Asker: 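Take this structure, written in structure tokens, and hold onto it; I'll ask about it next.
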Amino acid sequence: MMDLEFIITSFPKLLSATVVTLKLLSASLFFGLFLGLFFAILRLNKNKLIRSFAYGYSYLFRGTPLLVQIFIIYYGLGNLFGNNEYLKSTFLWVILKEPYWCAIIAFSLNTGAYTSEILRSAFETIKPGVIEAGRSLGLNKIIIFTKIQIPIAIKQSLPAYGNEIILML
């Protein structure tokens with residue numbers, strides 16, 4: 001049996017919590033998209049060390065539960081230096097003492113790892129002929145990347161990225 005009075009009294013609290021949820025979601029997706037693009041580019045690099053570093057980031061954050069990451073960032077980073085006096089004297093303490101900012105950091109790092117894999121796979125689906133066509137037109141690598149490869153990769157990755165948005169929500 002539903003308790004209608006409880007639902008009516010709880011609804012305003014749920015609405016305010018929805019605003020906080022949407023703020024966390026939008027900030028995390030914003031920062032995570034840039035992290036994801038950065039690490040996707042690193043994963044496509046020919047240098048094995050750089051590629052391995054980007055793979056390690058993705059492996060670490062995709063391979064551990066998000067709740068564990070939140071706990072490590074909120075409880076672990078604040079106690080990193082044993083006695084917190086050094087950390088409390090730095091600008092990092094303003095961020096690490098607030099659960100809201102620790103959640104944004106954890107969510108951004110997590111969604112950045114998933115986004116990097118989504119974008120990497122989208123970049124790998126681009127046919128070499130498209131890049132060769134850009135070169136034959138005399139375009140440099142940066143123009144080819146920003147004007148040709150990124151729009152194609154965005155189009156290819158939208159369904160998977162939509163799933164990532166839903167997962168983060």
Side-chain angles (χ1 to χ4, degrees), residues 17-80 91-92 94-96 98-137 139-169:
T18 303
V19 172
V20 173
T21 300
L22 292 176
K23 285 180 182 178
L24 279 170
L25 175 70
S26 59
S28 302
L29 289 174
F30 177 77
F31 295 123
L33 184 62
F34 287 109
L35 275 171
L37 182 60
F38 175 72
F39 280 101
I41 292 168
L42 291 182
R43 281 289 304 271
L44 297 171
N45 197 311
K46 295 188 187 328
N47 186 329
K48 189 175 181 178
L49 183 65
I50 293 173
R51 196 172 57 239
S52 298
F53 171 71
Y55 175 76
Y57 162 76
S58 175
Y59 185 80
L60 176 72
F61 283 98
R62 289 174 54 225
T64 56
L66 180 58
L67 185 61
V68 171
Q69 295 170 20
I70 293 170
F71 283 164
I72 288 173
I73 289 171
Y74 184 63
Y75 293 113
L77 291 181
N79 295 319
L80 187 64
F91 73 95
L92 290 174
V94 176
I95 297 169
L96 292 176
E98 296 293 329
Y100 182 82
W101 293 110
C102 289
I104 287 178
I105 291 168
F107 292 164
S108 298
L109 290 171
N110 186 277
T111 194
Y114 283 100
T115 303
S116 73
E117 289 301 312
I118 291 169
L119 291 174
R120 179 198 53 81
S121 66
F123 281 123
E124 288 178 348
T125 63
I126 298 172
K127 294 183 173 58
V130 174
I131 298 166
E132 289 173 11
R135 285 189 198 134
S136 70
L137 291 172
L139 301 175
N140 64 19
K141 288 182 179 182
I142 295 173
I143 298 292
I144 291 172
F145 185 73
T146 57
K147 300 288 185 180
I148 298 173
Q149 288 181 294
I150 287 181
I152 292 172
I154 288 172
K155 183 181 176 192
Q156 295 282 38
S157 66
L158 279 179
Y161 191 65
N163 289 340
E164 175 61 19
I165 292 171
I166 292 168
L167 183 70
M168 283 304 297
L169 181 62

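None of the values given here were measured: they were computed from a predicted structure.
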Asker: For L119 and S157, work out which heavy atoms get closest and say how close.
Answerer: CD2-OG, 3.7 Å
Asker: Calculate, to the nearest 0.5 Å, the distance between atoms OH and CG belonging to Y161 and L33 respectively.
Answerer: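 These two atoms lie 4.5 Å from each other.
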Asker: What do the steps show when you test L29 against F107 for side chain to side chain contact (heavy atoms under 4.5 Å, CB included), and what is the final call?
Answerer: CA-CA 8 Å; L29 289 174; F107 292 164; over 6 Å; no
Asker: Can you check side chain to side chain contact (heavy atoms under 4.5 Å, CB included) on Y100 and L24, steps first, answer last?
Answerer: CA-CA 8 Å; Y100 182 82; L24 279 170; 3.7 Å; yes
Asker: So, S26 side chain and K23 main chain: donor-acceptor pair closer than 3.5 Å or not?
Answerer: yes
Asker: Please check if the side chain of S52 supplies one atom and the backbone of K48 the other of a donor-acceptor pair under 3.5 Å.
Answerer: yes
Asker: Minimum heavy-atom separation for I95 and C102, please, with both atom names.
Answerer: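 Closest heavy-atom pair between I95 and C102: O-SG, 4.1 Å.
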Asker: Who pairs with R120 by side-chain hydrogen bond (donor to acceptor under 3.5 Å, both in side chains), at least two apart in sequence or on another chain?
Answerer: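 Scan of R120 (side-chain hydrogen bond (donor to acceptor under 3.5 Å, both in side chains), adjacent residues dropped) gives E117, E124.
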Asker: What's the spacing between I154 CD1 and I118 CD1 if we round to 0.5 Å?
Answerer: 13.0 Å
Asker: CD1 of I104 to CD of E98: how many Å apart, nearest 0.5 Å?
Answerer: 11.0 Å
Asker: Can you list every ring-ring contact (aromatic ring centres under 6.0 Å, His included) pair that touches residues 108-133, not counting sequence neighbours?
Answerer: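 Matches after skipping sequence neighbours: F123-F145.
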Asker: Are L66 and Q69 close enough that some pair of their side-chain heavy atoms sits under 4.5 Å apart?
Answerer: yes
Asker: Is any side-chain heavy atom of L139 closer than 4.5 Å to one of R135?
Answerer: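 With C-beta onward as the side chain, the pair stays apart.
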Asker: Working to the nearest 0.5 angstrom, can you tell me the gap between S28 OG and L169 CG?
Answerer: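 Answer rounded to 0.5 Å: 11.0 Å.
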Asker: How far does CD1 of I165 sit from CG of L25, to the nearest 0.5 angstrom?
Answerer: 7.5 Å
Asker: Quick one: does T64's side chain get under 4.5 Å of I72's, heavy atoms only?
Answerer: no
Asker: Just do the side chain to side chain contact (heavy atoms under 4.5 Å, CB included) check on L167 and E164 with the steps written out, would you?
Answerer: CA-CA 5 Å; L167 183 70; E164 175 61 19; 3.7 Å; yes
Asker: Are the side chains of F39 and S58 in touch, meaning some heavy atoms are under 4.5 Å apart?
Answerer: no
Asker: Between CD1 of I152 and CD1 of I126, what distance do you get to the nearest 0.5 Å?
Answerer: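 Reported to 0.5 Å precision, the distance equals 5.0 Å.
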Asker: Which atom pair, heavy atoms only, marks the closest approach of G134 to I148?
Answerer: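 Residues G134 and I148, closest heavy atoms: CA-CD1, 4.2 Å.
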Asker: Using atom types as modelled and distance alone, determine if a side-chain donor or acceptor of R51 lies under 3.5 Å from a backbone N or O of K46.
Answerer: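 Yes: the side chain of R51 pairs with the backbone of K46.
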Asker: Taking all non-hydrogen atoms of both residues, which atom of S108 and which atom of L35 are closest, and how far apart?
Answerer: O-CD1, 3.7 Å
Asker: For atom CG of L137, is the number of surrounding heavy atoms from other residues, nucleotides or ligands below 6.0 Å larger than 12?
Answerer: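 Result for CG/L137: enclosed.
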Asker: Quick one: does T125's side chain have a donor or acceptor within less than 3.5 Å of a partner on A122's backbone?
Answerer: yes
Asker: Once ring-ring contact (aromatic ring centres under 6.0 Å, His included) is applied, do any residues pair with F30, and if so which ones, sequence neighbours excluded?
Answerer: F34
Asker: Quickly, which of F53, F61, Y59 forms a ring-ring contact (aromatic ring centres under 6.0 Å, His included) with Y57? Name it, please.
Answerer: F61
